[in-house]
Amino acid sequence: MIPKRVLHLAQLSVVGLAGYYIGLKDKIFENNENTVLLNGKTLKSMPALPIFGTVSAAVPYTDGGHVKDRVSQIMKYGFPGLDNVRSYDDFVLSYDRRNRVPNWVFEHITKEHIMKNDAVDRSKCDFTPDESIHPFFRSQNSDYKGSGFDRGHMAAAGNHRLAQKHVEQTFFLTNMAPQVGEGFNRHAWNRLEKHVRKLTKVYDNVYCCTGPLYLPRKESDGKMYIKYQVIGANTVAVPTHFYKVVVGEASDGSLDMEAYVMPNQKIPDETPVSSYMVPPETIEKAAGLLFFDKIHRSKLNRINGKKV
DNA sequence: TTTGATGT
C-alpha cells in the first residue's frame, strides 16, 4: 500500500514545477493584504515581501520580546513556507486562503505543555472564526455544520495546556480542517497525536508540523486527477490526506525525524501508526513545502527509526 | 483520555 502511495507522490513533482512559476509571479504582484496576528494584535507587513521578517527579526511589536522569542523557539528549524503566516501564543500556522484550511501548523512541545493542568478546561473552548482572515477566505462554523465532517485540530488542543488562552487559540478555525470523525479524527489520527505527545518522554523538545494534502488519484478514464470535496457556503476543502513531520531534539542536541501520511478516512483500529510512516521528501513534494530546512544534516541521526 | 457532533 505504501509503495503505491509513494508512486503517486513522485508523479506530483512534475505538476509542482509548473506551479512554481505561477507562484513566483503571484509573489511579485502580491498586494498589501499580508498581516500577522501576534498575541491577538494584528500587524501589517511590508507589501510584496515575504512575511518572514515580520515574525523573526524586525518585529514592530513590543511586549518585552516574549512573543517574538516564542515564535523563534517554535520555528527554530525553519519555516516550511511563508504564505499568510499567523502567530498565536503557542503555535504558528500558514493559512491557505484558496482552500480555507491551513497549509501547515507548527508546534513546539515539551513535557510541560502536555502536563495535567487544572487551570485549563477544554470544554470551555469554542470554535471561533479568525477575523484576521479576510471574509472572502474565512471559514465559518456553518461551513462544517451538517457536513458530516469534524472540525479537526491541526495543532492539537492537548498539546497546549500551559494556559487556558493557549488551548482556546487552538480552536480558531484557521487551525481546523474537515476530518472524517469516526475512525479517523477521533481514533487513528488521535492515536498519532498521542504518539507525538509521548515523544516528549524521550526528547527534551519535540517540533511538530501538521497539515493537509491533496493527492492525485487515477480515475476511471485512466488519467490522474486531484479530486476533493468542498463543504459549506465558503467551499472549505476536505483534504484527501493529512501529514505530520516531527523532530525530536535530545538533551545532547541530536535530532531524530518521523514523517507520517494518513488518508482522511475511517482507518481500522488495529492499524499501528508506524504503518503510515513515509519518507519526509514525499510529503515535501506533495505539499510544496520544505520542512526543517535549517537542520544540519550532521545533527540528524534517524529518520523514521532508521540511521541516516 | 482526547477527539468531536448534536439535541434539549
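All chains are named by letter (A, B, ...) in the order of the sequence lines, taking the proteins before the strands, and each is independently numbered beginning at 1.
Contacts of A/D150 with the nucleic acid, taken as non-hydrogen atoms under 4.0 Å apart, involve only primed sugar atoms and P, OP1 or OP2. Nucleic acid contact class of A/R122 (heavy atoms, under 4.0 Å, all strands): base. As judged by a 4.0 angstrom heavy-atom cut-off over every strand, A/F184 is placed among residues making no nucleic acid contact. Within the 4.0 angstrom heavy-atom criterion, only backbone atoms of the sugar-phosphate kind lie near A/R197; the bases stay farther away. Residue contacts for A/G181: at a heavy-atom cut-off of 4.0 Å it reaches no nucleic acid atom on any strand shown. Across all strands, A/G152 comes closer than 4.0 Å only to sugar-phosphate atoms, never to a base (heavy-atom distances). Note on A/H153: only backbone sugar-phosphate atoms sit closer than 4.0 angstrom, heavy atoms only; bases stay farther off. Residue contacts shown for A/E182 are absent, as no nucleic acid heavy atom lies under 4.0 Å away.
In the model, A/N234 has no side-chain atom that pairs as donor or acceptor with a side-chain atom of A/R138 under 3.5 Å. For the residue pair A/S142 and A/Q140, no side-chain donor N or O sits within less than 3.5 Å of a side-chain acceptor on the partner.
The ring-ring contact (aromatic ring centres under 6.0 Å, His included) test applied to A/H108 returns A/H113, A/Y207, not counting sequence neighbours.
Ring planes of A/H153 and A/F171: perpendicular class, angle over 60° (limits at 30 and 60°). By the 30° and 60° cut-offs, the orientation of the rings of A/H134 relative to A/F137 is tilted.
The span of DNA chain B lying next to chain A, judged by atoms under 4.0 Å from heavy atoms, is bounded 5' to 3' by B/dT1 to B/dT6.
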Hey, mind stepping through A/E107 and A/D90 against side chain to side chain contact (heavy atoms under 4.5 Å, CB included) and telling me if it holds?
CA-CA 7 Å; A/E107 303 167 272; A/D90 206 36; over 6 Å; no

